Structure formats: structure tokens, C-alpha cells
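First the structure, in the form of C-alpha cells, and then the observations on it.
Note that the coordinates shown come from a computational prediction; the quantities given were computed from them, not determined experimentally.
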Amino acid sequence: MRFLGIGDYNDLAAMYHGLAARGHEVRVFVEDPACHDVFGGMLQRVDDWRAELDWLRAAGASGIALFESATEGLAQDELRRDGFQVIGGSALGDRLEADREFGQQVLRASGLQTAHSHSFTAYGDAIAFLQREGGRYVLKFNGADSPRTRNYIGELDDGADMLALLAMYRDHAPPGANPDFVLMEHLQGVEVGVGAYFNGEAFLDTACIDFEHKRFFSGELGELTGEMGTIVSYRGSRRLFDAALAPLAGLLREGGYCGYINVNLIANEAGLWPLEFTSRFGYPGFAICEALHAEPWEDIFMRMLRRDSLHLHTRGGFAAGVVLTVPPFPYRQGYAELSKGEPICFRPQMSAAEREAVHFAEVATVRGQLVTSGASGYIGVATGTGGSVRQARDHAYQVARQVVIPNLRYRTDIGDRVISRDLLMLVALGWLDADVPGQGGGVRPG
């Protein structure tokens with residue numbers, strides 16, 4: 001088979017590398033020049049993905065274009081109209097993720113309640129709103145590629161910290177800046193995601209639930225990085241899927257969507273509250289989910305494109321992922337001086353299975369040595385599986401400890417909150433169709 005990967009940062013490099021290792025032809029386009037060296041010496045990078053379309057078309061039904069980001073939906077729709085096989089998203093998917101208010105409207109129309117959200121294109125207007133209304137809010141910038149480190153979850157009930165931050169953003173904004181953001185009412189509860197694959201007509205029959213750990217430091221301190229580790233399961237998701245994703249099938253069908261889609265939610269005593277969409281492969285989510293797949297990606301993709309079956313072969317239990325980074329992640333400034341080009345080594349006792357459980361991201365091979373590459377120091381994710389969250393988490397940390405890089409950092413509490421609180425609360429609220437067998441922290445497969 002032939003695969004053409006298209007994205008900004010080579011986020012799916014580990015997936016592409018696996019496809020190539022299994023004998024498929026893989027070419028990758030990387031938009032950001034700072035990431036041109038990601039998987040250098042390990043993957044074939046091309047300068048213009050459109051110039052590769054004849055190569056892809058020549059493969060016929062065995063050629064697939066894989067899009068990484070939620071910014072090229074129009075191009076995906078165009079390729080599908082031209083007869084290409086495409087997995088990633090669509091223009092509709094781009095809008096669901098990037099335009100937060102539109103996403104909330106869609107979710108309200110599907111029958112879900114949503115938190116109060118207010119859109120702004122000027123910091124002064126948001127400041128005036130908070131001065132008038134007060135309250136605790138979450139600041140989220142629109143756009144699929146918006147800098148997540150600028151988002152902020154307000155801590156003070158009167159909004160004083162949010163007011164101070166917005167005033168700082170206003171005072172330091174460059175001339176002519178046009179910010180685009182929302183202030184969303186802060187909600188208490190369990191944060192959980194539910195995701196599934198849509199084949200253009202229907203969802204595959206197995207959805208996953210995920211528990212992301214977004215802050216940089218253990219104990220939920222530091223920057224909002226997007227994701228520093230995650231717990232995933234393909235069991236027990238039916239009620240969340242039926243409430244949050246299943247009602248969207250008609251809209252996704254009309255919008256020509258084909259790929260993975262996820263809704264992030266807050267669950268509390270008042271019900272489910274959707275927060276945002278991820279209309280693309282999540283990273284490192286795809287690698288953590290892969291640990292529970294009982295079939296390779298190419299089989300999943302071909303089944304989606306042929307639409308000959310809705311079955312997704314998965315294993316029970318849980319998968320855990322621990323994100324591995326070096327300075328200055330989550331920022332880019334100073335990476336070349338601090339960490340780029342550092343050697344990546346492995347402890348001698350590391351097994352072949354443990355080596356396969358490390359899904360690398362910003363790395364390259366230089367003269368036979370694996371080194372850090374890319375733009376920010378996002379090295380990859382160590383994964384582990386088990387019948388319970390605790391077993392999966394412990395397995396992932398065992399894998400992480402086998403990787404040796406100067407100044408390697410990762411959180412040491414991935415899964416703790418899920419074991420001690422989240423699963424118990426979701427069962428008590430009636431959203432998981434399985435129970436929690438005590439301190440093992442697992443959900444009995446259902």
C-alpha cells in the first residue's frame with residue numbers, strides 16, 4: 001500500500017514509521033520548516049504533497065492520504081471529490097474544532113447542555129464583560145493551531161486573576177492584533193473524552209474513553225501543554241458515546257467526514273457538559289490507543305474506506321501513555337541551544353517489547369544515533385497496558401524508565417486521579433456501563 005502523510009509538524013511520524021516497517025510505501029509532507037528533521041533518516045519527506053498525488057493515484061485502491069491537522073479540511077474534501085481515498089477529517093471537522101461557538105451550537109442541537117460561553121475579538125471587551133458580570137471562567141483561544149499555553153483556567157471565583165491576565169494580554173498585544181477567543185463558564189466535575197472512528201457514513205462499533213492530564217507538572221501544576229499523559233480504554237464507553245457522539249452521525253455524513261473524532265466533556269451531578277471537539281488524530285492519543293488495537297492501522301483504514309464492516313478489533317483493559325520531553329518544552333524558544341541534537345539511549349535491560357512501546361515524535365537518526373530533533377523537545381510517549389489503570393500506568397512507567405536522554409522530564413502521577421476519583425465518580429453518575437473493582441482502579445470490561 002501507499003500512504004501520503006500531510007501535516008504541519010509530522011505528528012503521526014510513529015504511525016508512518018510503523019506502516020513503513022510493515023512494508024508499505026510512505027511519503028510525508030511537513031509544513032513547518034522547524035520540523036523538517038523530525039524522523040530524519042527514518043522517513044521519506046517530500047517538499048510538495050500535491051506533487052505526489054500522481055504517485056498516490058497510481059496505487060488505486062491501495063493509496064491513502066492521511067491528514068494530521070484540522071486545518072486542511074477543504075483540501076480533503078477536494079481530494080475526495082477527485083477520487084482519492086482520504087482519512088483525517090473534512091471542512092466541517094475543521095470548523096467544529098477551530099470555531100468553538102459553532103461546536104457548542106452543534107452540541108446543543110444534538111440535545112446536550114452546554115456551559116455559558118462568550119466570544120470576543122478584543123481584550124477590552126472581555127475585560128468589560130468580566131468587570132460587569134464577575135465569575136470564574138476558562139479562557140480558550142479559537143483556531144486548531146492556537147497556542148495552548150496561552151489558554152487559562154481561572155482560579156478565583158470573582159475573576160480577578162482572569163481580569164489581570166486579560167489586561168496583560170491587552171497591554172502586550174502587538175499593534176493590529178486581532179485576538180479570537182472565548183470565555184467559557186468554569187465547570188466542576190470529571191473531565192473525560194469519548195472518541196470514535198467515522199467512515200463517512202457511520203461510526204465504527206467500538207468507541208474509546210480517555211482521561212487526559214494536560215498540565216506540565218505532577219499535581220496539576222504548570223502550563224496547559226495539551227497533554228502530558230492519558231489513560232484510555234475501549235470498554236465501558238457506550239453511554240458516553242450514545243449521548244455525545246452518536247447524535248452527530250447525520251451531520252458528519254453530510255459534511256463528508258472520514259476519520260477520528262473526539263468530544264471532551266465534564267460530567268457532574270447536573271449531567272454532561274461538552275467542552276470541545278478534536279476533529280483529527282490526537283497526539284499522543286493515537287499511539288496510546290494503538291496499544292489496545294488488535295489489528296494494524298492499515299487494516300482499520302481500509303475497512304473505513306471500503307465500508308464493508310463497522311467492526312474495530314480491540315483489546316480489553318486500559319492503556320496508559322506518559323509523554324517524554326526535554327527543555328524547553330512546551331515552548332520553542334531556546335530549544336536549539338538547550339536540547340536539540342541530544343543523544344537518545346536505552347538501558348541495556350530494555351526488552352524488544354518495551355522498545356516497541358515507545359512511540360517517538362521529535363527525533364531523528366544521525367550517523368546511526370537516535371537524537372532529539374524538531375522544534376520544541378516533544379520526544380514521544382511511553383505506553384503500557386493492563387487489566388486495570390494501575391497496571392497500565394505501572395507498565396508505561398517501566399517503559400519510560402528505560403529511555404535515557406539528558407534532562408529528560410515527564411510527569412510521575414499519570415493515572416492517579418483516574419484511580420482515586422474519576423472512574424468512581426463516572427460509575428456513581430451512571431455514565432460508565434461497568435463497575436470499579438476497588439483499588440485496582442480498573443473497569444470490568446462490559
Side-chain angles (χ1 to χ4, degrees), residues 5 7-18 20-21 28 30-45 68 147-149 213 215-218 221-230 283-284 286-288 320-384 396-414:
D8 295 327
Y9 313 115
N10 209 359
D11 286 337
L12 302 184
M15 178 190 291
Y16 303 143
H17 195 250
V28 180
V30 183
E31 177 72 34
D32 188 342
C35 294
H36 282 182
D37 63 349
V38 170
F39 270 60
M42 304 163 71
L43 289 172
Q44 180 180 351
R45 186 179 63 81
E68 298 179 358
R148 289 174 175 165
T149 51
H213 300 62
R215 292 195 181 273
F216 184 63
F217 291 106
S218 300
L221 296 173
E223 298 90 334
L224 289 167
T225 65
E227 205 169 335
M228 288 302 295
T230 300
Y283 192 84
F286 86 88
I288 306 170
V322 177
V323 171
L324 311 176
T325 75
V326 294
F329 182 85
Y331 305 102
R332 287 189 171 201
Q333 296 89 340
Y335 179 47
E337 294 78 16
L338 290 171
S339 301
K340 192 165 184 175
E342 296 282 5
I344 300 171
C345 299
F346 307 97
R347 299 190 188 280
Q349 66 269 27
M350 188 179 197
S351 68
E354 289 172 335
R355 181 72 176 265
E356 291 180 0
V358 181
H359 301 260
F360 283 111
E362 291 186 348
V363 305
T365 298
V366 178
R367 295 185 293 277
Q369 172 67 54
L370 193 65
V371 300
T372 59
S373 71
S376 69
Y378 195 116
I379 303 307
V381 56
T383 62
Y397 279 118
Q398 172 64 23
V399 172
R401 286 191 290 270
Q402 308 312 307
V403 182
V404 178
I405 313 171
N407 300 316
L408 176 66
R409 300 96 52 84
Y410 50 85
R411 281 182 59 161
T412 59
D413 64 346
I414 301 302

Nearest 0.5 angstrom please: [X] [atom1] to [Y] [atom2], how far?
| X | Y | atom1 | atom2 | result |
| --- | --- | --- | --- | --- |
| Ser351 | Phe346 | OG | CZ | 12.0 Å |
| Ile405 | Leu324 | CD1 | CG | 6.5 Å |
| Arg401 | Leu408 | CZ | CG | 12.5 Å |

Note to self: Val404 vs Arg347, test: side chain to side chain contact (heavy atoms under 4.5 Å, CB included). Steps then yes/no.
What the structure shows: CA-CA 7 Å; Val404 178; Arg347 299 190 188 280; 3.9 Å; yes
Notebook entry, point to check: Do Val358 and Gln402 pass the side chain to side chain contact (heavy atoms under 4.5 Å, CB included) test, and can you show the C-alpha distance, the side-chain angles, and the key distance before you say yes or no?
Noted result: CA-CA 10 Å; Val358 181; Gln402 308 312 307; over 6 Å; no
Indicate the atoms forming the closest heavy-atom contact of [X] with [Y], along with that distance.
| X | Y | value |
| --- | --- | --- |
| Glu223 | Pro330 | CB-CG, 4.0 Å |
| Val38 | Ala13 | CG1-CB, 4.3 Å |
| Ala320 | Ala396 | O-CB, 3.8 Å |
| Ile344 | Gln369 | O-NE2, 3.0 Å |
| Ser373 | Ala364 | OG-N, 3.7 Å |
| His359 | Ala287 | CG-CB, 3.6 Å |

Next item on the list: Return the set of residues passing ring-ring contact (aromatic ring centres under 6.0 Å, His included) with Phe39 (not counting sequence neighbours), or none when no residue passes.
Entry: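 Result, ring-ring contact (aromatic ring centres under 6.0 Å, His included) vs Phe39: His17.
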Margin query: Could you work out, with ring-ring contact (aromatic ring centres under 6.0 Å, His included) as the rule, every residue matching Phe216, not counting sequence neighbours?
Written below: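 For Phe216, no residue satisfies ring-ring contact (aromatic ring centres under 6.0 Å, His included) once neighbours in sequence are set aside.
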Taking only residues two or more places apart in sequence, or in another chain, which ones meet [X] in a side-chain hydrogen bond (donor to acceptor under 3.5 Å, both in side chains)?
| X | result |
| --- | --- |
| Thr372 | none |
| Tyr378 | none |
| Thr365 | none |

For the side chain of [X] and the backbone of [Y], is there at least one donor-acceptor N/O pair under 3.5 Å apart?
| X | Y | result |
| --- | --- | --- |
| Tyr410 | Met228 | no |
| Ser218 | Thr412 | yes |
| His213 | Gly229 | yes |

Check: Tell me, which pairs form a salt bridge (Lys or Arg N to Asp or Glu O under 4.0 Å) where one or both residues lie in residues 352-370, sequence neighbours left out?
Finding: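 Listed by first then second residue: nothing to list.
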Notebook entry, point to check: Are Pro328 and Gln333 close enough that some pair of their side-chain heavy atoms sits under 4.5 Å apart?
Noted result: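 With C-beta onward as the side chain, the pair stays apart.
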Notebook entry, point to check: Under a 4.5 Å cut-off applied to non-hydrogen side-chain atoms, are Phe329 and Ile379 in contact?
Noted result: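 Answer no - side chains too far apart.
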Note to self: Using side chain to side chain contact (heavy atoms under 4.5 Å, CB included), reason through Val381 and Tyr283 one step at a time and then give a plain yes or no.
What the structure shows: CA-CA 9 Å; Val381 56; Tyr283 192 84; 4.1 Å; yes
Mind checking what makes side-chain contact (heavy atoms from CB on, under 4.5 Å) contact with [X], not counting sequence neighbours?
| X | answer |
| --- | --- |
| Ala20 | Val26 |
| Arg332 | Tyr9, Asp32, Ala34, Cys35, Ala375, Ser376 |
| Pro406 | Glu342 |
| Arg45 | Val30, His36, Asp47 |

Check: Does the side chain to side chain contact (heavy atoms under 4.5 Å, CB included) test come out yes or no for Arg215 and Thr225, once each step is laid out?
Finding: CA-CA 6 Å; Arg215 292 195 181 273; Thr225 65; over 6 Å; no
